[in-house]
Every structure is written in structure tokens, then in C-alpha cells.
Protein chains: 2
Amino acid sequence: MKHTLKDVAEKAGVSLTTVSRVINKRGYFSKATEARIFAAMKELNYYPNSVARSLSGKKTKLIGVILTNTHNPFNAELLEKIETELFNREYKTIIANSLDNPQKERSYISLLQSNQVDGLITASHNTIINDYHQLTLPVVSFDRYFGSHIPTVSSDNFLGGQTAAKVLLEGGARRLLLFSGEISDTNPTSDRMNGFMDICLKRKIVPEIQGVPSDATSNFRKMLIHQAITQHHPDGIMCTDDATALLVMRELKQLNLRIPSDVQVVGYDGSDFILQTFPELSTIVQPLDDLAKTMVNLLLNKIDQPDVLQERQYIFPITFHRGTTTKFIDTE
Amino acid sequence: MKHTLKDVAEKAGVSLTTVSRVINKRGYFSKATEARIFAAMKELNYYPNSVARSLSGKKTKLIGVILTNTHNPFNAELLEKIETELFNREYKTIIANSLDNPQKERSYISLLQSNQVDGLITASHNTIINDYHQLTLPVVSFDRYFGSHIPTVSSDNFLGGQTAAKVLLEGGARRLLLFSGEISDTNPTSDRMNGFMDICLKRKIVPEIQGVPSDATSNFRKMLIHQAITQHHPDGIMCTDDATALLVMRELKQLNLRIPSDVQVVGYDGSDFILQTFPELSTIVQPLDDLAKTMVNLLLNKIDQPDVLQERQYIFPITFHRGTTTKFIDTE
DNA sequence: TTTTTTGTGACGTACGCTTGACATAAAAAA
DNA sequence: TTTTTTATGTCAAGCGTACGTCACAAAAAA
């Protein structure tokens, strides 16, 4: 049923080596035999066994992509772009959702190593840095610091946080509330918070901060949001991701608070999906294309030329999408 | 740098065979040597090379999942659930987005075969049925008919279409408009349209139908939607997916048409994301969990027991999520 | 004590393909 | 004509693991 090189060789009436030469475009062979071999391959519906190929010293052309989840539109789009880019470079993508479960992520790291993936892209947010340090294979991370030998790609989170704060303040907000997905130091995402705080402090404003764990149930998150809003009565809210911003907007509506007149809202991420279906949401837009392409480029470069040193950080500028959830007061 | 069975054997002071026995839990070995071997594995940071394993044995424990894209929330969640389920069964997921490009999908099929995936789950919508027929490996499809040896898993699209039509009619709509992602016969998704038409014809209503190609640019799709609405002046709209429904709602707002008083809208899919962030959208909800689990179960069963015959179709009931984009007139 | 079960080793083959070394012959270039 | 290039073949080693066959002890059961 399944055919091998040998079958093709026999069918085409040539030697095994010749077939291998043709397939790998190595050494000399004539157009004529090449045609005969291709014909035989087609006739037998032969396709090379890349498992065997990988075993005899070659690459697997497999890349592991570790995300927290796929259901967040930003992650979904990031994955799609990474996959597309990898496909164009003839690599295949193994997807690994950590679901914020360190155990699962750890298992996946082992699995992926076992499978001899050529490299790893990780955009997960778990506290298992050490596991990554153990790795000898090329890794590129998104929005997370791992250490010197693992380059980090991210958008300018600090500037993003600053921008969000400025927008809210310029719109007249004074009682600020920040919903942050997670609060940890090793994480560039926390720079969103830092940037936000930076502007606040300069304006002598002390914002409230509420963590909203992304792995919690949606009801629990809603409850946290509800409580924070009713307790602090903010007139300006930043969310460190758009999904949370949508929940916040929903909650505000239920509380009969009007956006932006009573409360302004700024999100973060700016995935295409959100921009198209929620253009009214003001949000900090990450350059998804650049991020995905850069990660793939960095990773494949590292794979092809392991010795070339790379920068530690690649920070891309963000843009602000002005929707109608913030006020725009032209001060000039 | 990279260690093999042999290194572990030497480190543990046992034979290669014994290590293999322990790793595969085959034949006899004592607790003591097992411990020594595990210790050696840990010390060397050894992990079995599953490429070699696959070559020697048979299975790769890899499953290819072919989708049209990842950015649609429904697809994203389906993928996440499939991946989670596969992981629980110790399988890995290679993701392949066709992006509605037959060429790309074809390439991927070859690629995945080359990589000796143990099976395929396909939820893409391209016209390359023949390529799938060539395949000898187990395949399960979502929402698409391929033929007798490939089981199809889907929600009850016909009933879904019927339900949508009924809801709109019960809400008082008479000028119906249907936005369909794609119009083709071989596709169970077209049953959504058929179910819709079925009810319409019974009520002697002739709805307008407008295709909205999912691979078109978002602006083009908006334009189509805009034209169809201004041309037909519908008071009830069904969309065969929620993403389109959101675009439609947006367009209606811009046209200053009120929902549901001027126009009612029903969507289809009911992904968690939409249900949480757009609960106001009335939509037909597919049982994502059941669908994902069934597909994985069917596929893995087929892999484990190739000879057991399977049903051709697995159709799951849908539910209706009543939001505020439809009117509810209690007729009793 | 004898038999059976358990624990370990040695060795070899197989998986499908890559790659290198070496040989040979024809075609093309010098 | 001689040399070089092109086109193929044969042979063999190797990638890391699985697994079967033999063989030999030691421990446990009869």
C-alpha cells in the first residue's frame, strides 16, 4: 500500500541512489530520468517519508508554537500569521495551548523535544522559565523575558501603557482603573501597567489596579470587573487586552454607565477581528504582521545559522486606534 | 549534547535492551534497575527520539487539523478543543490553515502525509474532494461530505436553518434576507440554507439570498452586505455564521436601521467568545464540545481499529440562543 | 529438588532515507 | 585525441529505536 524509494526506483528502472539524487536535487542526473522518476512517483502516489528523512540527520521542519490559548482573537490571529509564514518557508506548525497550566506546558515542551522540532515559538505566560533555560534548541518568545539567549519580540508595551493613560487623561478622566491580565515582573506585558503608572504618577494620579486572571471562568472575571467598577467608580478604564475591555463595556452598560461620557475605556491588542467588529473600542494596536514575521525570521535564522548572535529584544511601535469609547478633547 | 538510549544504558550500567524494556514497559525488569535508569535519564536530560521511534514502530502520534482559518472565533475554539482533546489522548496537533486556497490545502495534504500523520481532521471548505479520496489514512471531516469512508461530523444544519427562519417569522419578519458564507451542494453548511428555505416556502415566502465569500476582504464583504440591505430592505436577516452577523449589525447601525424593531438578525455558530461578548446576538448554537470530542474519538478509534465500520454521519442537535436582535412574540 | 517465573545481557534485523566513496560509461569540451 | 563534465550504478554505513531470539542466572513456587 505504502511505497518507498525502492518501489519508485524499480518502477522507473533506475537505482535507489538516482532517485534520491533527483528528489534532493543533488549531483548529476538527466532531464529524461528525472521525468521518468517523477512519473513513477506519481503513478505510485509516492511521497517521501519525512520521518526517515529526519532520522538520517536532517531537520524535521517542525516548529512548536506554544500559546496560552487559541480562543482569544489576538492569539488566534497571531497563530494564523505565524502558521502562514512558516508554511511559506516550508515549515510545519505544531500547536500547543498551555491553557495557563504549567503542567501541560511542561509536558508539551518535552513532547516537542521528543519530536525533534527544529525550534520553538512561545507566547505563553507560565512561570516555568527554567524549563526553557534547559532547552538547547532555538527559541523565540513573544512578550516574555526568558534570558539572554532567547530573543523577545514584543510591541512597545510601555509606550502602549503611556498612550492609554494619556488618552484617558486627555479625555478628562481622573479616577483611573486598570484591569490587568496578570501581574508579574518577568513579563513585558507588565510594562503596559508600568507605562500606565508612569503617566499617572507624573500627573499625580493614583490609579486603582485590578488583576483579572485570564484562566478564570468568564463569570468570575465578570464578577471581579463588576466589583472593581462599583467600588471605585472610575471615569477612565484601561484593560491590558481587548477581550477584557469587551467584558468591561458590557458590565458598564448593565450598570447604566455611559461610554465615554461617564466612563472612558481603552483596550490593548487591536486584532483585526476586534477592529472590524468593534471599531468603537479605542485600543492600542499591536503590529501583528510585523510581530509574527519577525518571530519566524528570527527563529529560522537561528536554525540556519546558530552562531550568529541576535539582539535580545525586538520592540515594535504600537499605534492608537481612536474609537468612540474615549473622548477626544483637542487642547490646542 | 544530545543523548541516546545508549548513553542512558552506559550511565545506568545496564544494557541497551534493558533500557528499552523499561521505557516501553515491556518484558521483565526490577524496580531497582528501573529507578537507576530513570535517574540516568534525568541526569542526562534524555528524552526518547520519537522520530526514530516512529520509523521503527509505526505511529507518529501526530494528527493534522485542516481549517480554513484560525481568526474566526468558531474555528479558533474548535481548534482549541480538538487540540486539548488530542493532547489528553497523547496526540500532537499540526495545524494547517487553508485560507480558502485549494493549492495550499493540497500542499498541506501532501506535507502531512509525508510527515506520516496518523490521521486527519478536516474542516476546510475547498473543492478538492478527490485529493481526500486518494488518502489511505483515517480522516474525519467537519461539516463536509466526502464520501462513504470519511465520516462527517456536524451540527443539525437543516434544523438550524429552520429554527432561524421560524424565529424571524415569529418575530413578524416577512422580507427575509439570507447571507450565506458559501453556496455549494457537497457541503452540509448549505443545509442551513436549505432548512431556512424549507420554512420560507412552507409560509409562501421567497427570501433573498446573498453569498458572502469568506475569503474576500472585509471591505468587499461589507460592500456586498450594504448593497443587499439597501436593495432588498429586509426586515429579517439570517447569516450562516456569526462573524457575518456582526458585520451585518454594524452595517444596519450605519444605515440607521434599528435592531430588532426595523430588522431582526439571527446568526449561526454560537462560539463562547460571541456568546460572552455579544449575548445580544440571537444565534444558532453548535455544541462545540461534542463536535470536537466526537471528531477526535472517531479518528482515534479508526486509527486503533481500522476495521471497525463507522457511521457516515454524526449530526448533533443545535440550540437557539435568544438575544435581543430578534423579537419574541408569544403566540400562545 | 525441580520447575517456573523473573531479571538481564548480547546480538541481529528492520524502519526508509541520506550521504559518501568508488566505479563506469557516454557526451561534451579542449 | 585527450580531458573534462555529466549521468548513472553499486556498496555500505549510519540515524535512534523497537523488538524478537537466545542465553543465562537468580529468585520464587511447586
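Chain letters run A, B, ... following the sequence lines, proteins first, then strands; residues in each count from 1.
Candidate nucleotides C/dA10, D/dC15, D/dA18 were compared by shortest atom distance to the side chain of B/Asn24, and D/dA18 ranks first. The side chain of A/Arg26 has C/dT19 as its nearest neighbour among C/dC17, D/dT8, C/dT19. Side-chain proximity of B/Arg21 to D/dC15, D/dT17, C/dT8: nearest is C/dT8. Candidate nucleotides D/dT17, D/dT21, C/dG16 were compared by shortest atom distance to the side chain of A/Asn49, and C/dG16 ranks first.
Remark: B/Tyr47 is not in phosphate contact with D/dT17, judged by side-chain N or O atoms under 4.0 Å from OP1 or OP2. Phosphate contact (OP1/OP2 of D/dT17, side-chain N/O of B/Ser56, threshold under 4.0 Å): absent. Not one side-chain nitrogen or oxygen of A/Thr18 sits closer than 4.0 Å to the OP1 or OP2 atom of D/dT8. The phosphate of D/dC11 has neither OP1 nor OP2 within less than 4.0 Å of any side-chain N or O from A/Thr17.
Rounded to an integer number of Å, the gap from A/Lys2 NZ to C/dG16 P is 9 Å. A/Gln113 places its CD atom 15 Å from the P atom of D/dG16, with the value rounded to the nearest Å. For the pair A/Arg36 CZ and D/dA7 C1', the computed distance is 12 Å after rounding to whole Å. Remark: C1' of C/dC11 and NZ of B/Lys6 are 14 Å apart, rounded to the nearest angstrom. If you take CZ of B/Phe29 and C1' of C/dG9, they are 16 Å apart, rounded to a whole angstrom. Remark: P of D/dA18 and NZ of B/Lys61 are 13 Å apart, rounded to the nearest angstrom. B/His3 places its NE2 atom 16 Å from the P atom of D/dC15, with the value rounded to the nearest Å. Separating the NZ atom of A/Lys59 from the P atom of C/dT19 is a distance of 12 Å, rounded to the nearest angstrom.
Among the protein residues, B/Thr33 comes within range of the sugar-phosphate backbone only, with heavy atoms under 4.0 Å from sugar or phosphate atoms but none that close to a base. Across all strands, B/Ser54 comes closer than 4.0 Å to no nucleic acid atom at all (heavy-atom distances). If you check every strand for non-hydrogen atoms under 4.0 Å, A/Ser20 touches a base. Nucleic acid contact class of A/Tyr28 (heavy atoms, under 4.0 Å, all strands): base. Residue contacts shown for A/Val51 are absent, as no nucleic acid heavy atom lies under 4.0 Å away. Backbone-only engagement by B/Ser30 is indicated by non-hydrogen atom pairs under 4.0 Å involving sugar-phosphate atoms exclusively.
Mapping B/Ser15 and A/Ile23 onto DNA chain C by nearest heavy atom places B/Ser15 closer to the 5' end of the strand. Residue A/Lys31 is the one, among A/Lys31 and B/Leu55, whose nearest nucleotide of DNA chain D lies closer to the 5' end (criterion: closest heavy atom).
A donor-acceptor pair under 3.5 Å links the side-chain atoms of A/Thr84 to the main chain of A/Glu80, judged by distance alone. Side-chain atoms of A/Thr33 do not come within 3.5 Å of backbone N or O of A/Phe29 as any donor-acceptor pair.
For the side chain to side chain donor-acceptor pair (under 3.5 Å) criterion with A/Ser214, the lone passing option out of A/Asp100, A/Thr68, A/Asn72, A/Asn69 is A/Asp100. Between A/Leu79 and the options A/Asn97, A/Ile121, A/Ile95, a side chain to side chain contact (heavy atoms under 4.5 Å, CB included) holds for only A/Ile95.
Remark: A/Arg36 fails to qualify as a cation-pi partner of A/Phe38 under the 6.0 Å distance and 45° angle criteria applied to the six-membered ring.
The OG atom of A/Ser15 sits 11.5 Å away from atom CD of A/Glu10, with the distance rounded to the nearest 0.5 Å.
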